[in-house]
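See structure below.
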Number of protein chains: 2
Amino acid sequence: MPSRYQGPKAEIDALSAYIKLMRAAESVTTRAHAVLPKDITISQFGVLEVLLHCGPLCQTELAGKLLKSGGNITLIVDNLEKAGHVVRERSREDRRFVTVSLTDSGRAFITGLFPKVAASITRELSALSSAEQFTLGWLCKKAGTGASAPAA
Amino acid sequence: MPSRYQGPKAEIDALSAYIKLMRAAESVTTRAHAVLPKDITISQFGVLEVLLHCGPLCQTELAGKLLKSGGNITLIVDNLEKAGHVVRERSREDRRFVTVSLTDSGRAFITGLFPKVAASITRELSALSSAEQFTLGWLCKKAGTGASAPAA
DNA sequence: CCCTATTGATTTGACATTAAAGCAATAGCC
DNA sequence: GGCTATTGCTTTAATGTCAAATCAATAGGG
């Protein structure tokens, strides 16, 4: 952000850090996910990855883990279901819940893909030493649980 | 540059830092922009802010500063134009260019709004000291210009 | 056993986002 | 001048995103 704005020093420091935070997040995400095949989106990858590492979940749980809205998950799961990567199943104990599970082909797909993305993220962050990555994570965590963050 | 195998520890460190980076970016952005009136979006705010601090720009320049696609800018400017915040004007020297400028009401709008958002971002990052904010910015900049970043 | 509140999912409407295709205007080359 | 390439913008198709409204099922209070 080309700030010609001249405010208090605290504000300039915060805005400067914020802009770099945003640019880094966008930049690393875009480049790290460039290894994804063209027929899958970042959001779809996110859902498959959570299902692989957490097992079958209902849509509200997916929304919580991915920090997305419920309506959003409905659409993403729709598209993953069309592609044959996941299946929906109504819970018999409480018919409000829809359990989303990986199909065999979906599991094979994400199992083959995840290591590539993990390696890609590692490569993108390789400009930072291990200690620097730790510091970055620590500062981000502190920043993300700041002033008006919901209590953990 | 041949990429060397870095081992599982390097991967865990990088993924851990990456997840915290993404969560911090989402979290701070969402909360910092909660002060925006509901009739304006974050992207629209971004365009108005750049126009305020840089003066009238053509759409390609806007796209470059905001790191968005050209088609995207077309839509955002469409909506800002409907709201009366900006005007489009064909350049007379080169009729391919469309200069986007703030209207009087648009200028008043963003002039009143920007300090609120700046204060909000400052508040959200107040969990970090000035030195920590500087370190965060430095690490983010280093991370964002990593392995496959385009040459500046 | 009702009435109501809550909860999980879906739908709808509006905006964002990109890639790709298309259009219009300019620039370059012969 | 005229052909071609480039450049800036718009459009289109597909997906994502949220908020709000809606629907279905369950839970609780009386």
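Quick note on labels: first sequence line is chain A, next is B, and so on, each numbered from 1. Only heavy atoms go into these numbers, but all of them, side chains included; no hydrogens, no water, no symmetry mates.
- The closest side-chain donor-acceptor pair between A:K20 and A:S16 falls under 3.5 angstrom.
- Ring geometry, B:H33 versus B:F45: the interplanar angle exceeds 60°, so the pair is classed perpendicular (tilted spans 30 to 60°).
- Note on A:I76: only backbone sugar-phosphate atoms sit closer than 4.0 angstrom, heavy atoms only; bases stay farther off.
- Nucleic acid contact class of B:T74 (heavy atoms, under 4.0 Å, all strands): base.
- Taking atom CD1 of residue A:I42 and atom C1' of nucleotide C:dA16, one finds them 14 Å apart after rounding to whole Å.
- No more than 12 heavy atoms of other residues, nucleotides or ligands lie within 6.0 Å of CG in A:D104, so this atom counts as exposed by the packing criterion.
- As judged by a 4.0 angstrom heavy-atom cut-off over every strand, B:S69 is placed among the base-contacting residues.
- Within 4.0 Å of B:I73, counting heavy atoms only, lies no atom of the nucleic acid at all.
- Distance, B:R90 CZ to C:dC23 C1': 10 Å, rounded to whole Å.
- The phosphate of C:dT17 has OP1 or OP2 within less than 4.0 Å of a side-chain N or O from B:S43.
- The residue A:K68 sits close only to the backbone: its heavy atoms come under 4.0 Å of sugar-phosphate atoms, none of a base.
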Checklist outcome for this item: Scoring nucleotides 3-8 of chain D by protein non-hydrogen atoms under 4.0 Å (B base, S sugar-phosphate only, - none) yields ---BBS
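- Here the side chain of A:N79 is nearest to one of D:dT15, C:dC15, C:dA9, namely D:dT15.
- B:Q133 and A:A10 get closest at one heavy-atom pair: OE1-O, 4.4 Å.
- A close approach under 4.0 Å does occur between a side-chain nitrogen or oxygen of A:N72 and OP1 or OP2 of D:dC18.
- Salt bridge A:K82/A:D78: absent, no basic N to carboxylate O contact under 4.0 Å.
- Between the CG atom of A:L57 and the P atom of C:dA9 there is a distance of 11 Å, given to the nearest Å.
- A:Y18 and B:T29 are linked by a side-chain donor-acceptor pair at a separation below 3.5 angstrom, with hydrogens and angles left out of the test.
- Rounded to whole Å, the distance from CG on B:D78 to C1' on C:dA14 is 14 Å.
- As a whole-Å value, the separation of A:H33 NE2 from C:dA19 P is 15 Å.
- Taking atom CG on B:L75 and atom C1' on D:dG16, their separation rounds to 14 Å, with Å as the unit.
- Along DNA chain D, the nucleotide nearest A:G70 and the nucleotide nearest A:R95 are compared for position; the residue whose nucleotide lies closer to the 5' end is A:G70.
- Remark: the backbone N or O of A:A24 is not paired with any side-chain donor or acceptor of A:S27 at under 3.5 angstrom.
- With no hydrogens or angles considered, no side-chain donor-acceptor pair links A:R95 and A:S91 at under 3.5 Å.
- The CD1 atom of A:I40 sits 18 Å away from the P atom of D:dA14 (whole-angstrom rounding).
- The nearest heavy atom of DNA chain D to B:T99 and to B:K38 marks one nucleotide each, and the one closer to the 5' end goes with B:T99.
- Between C:dT10 and A:R88, a contact under 4.0 Å exists linking OP1 or OP2 to a side-chain N or O.
- Between B:D39 atom CG and D:dA19 atom P there is a gap of 15 Å when expressed in whole angstrom units.
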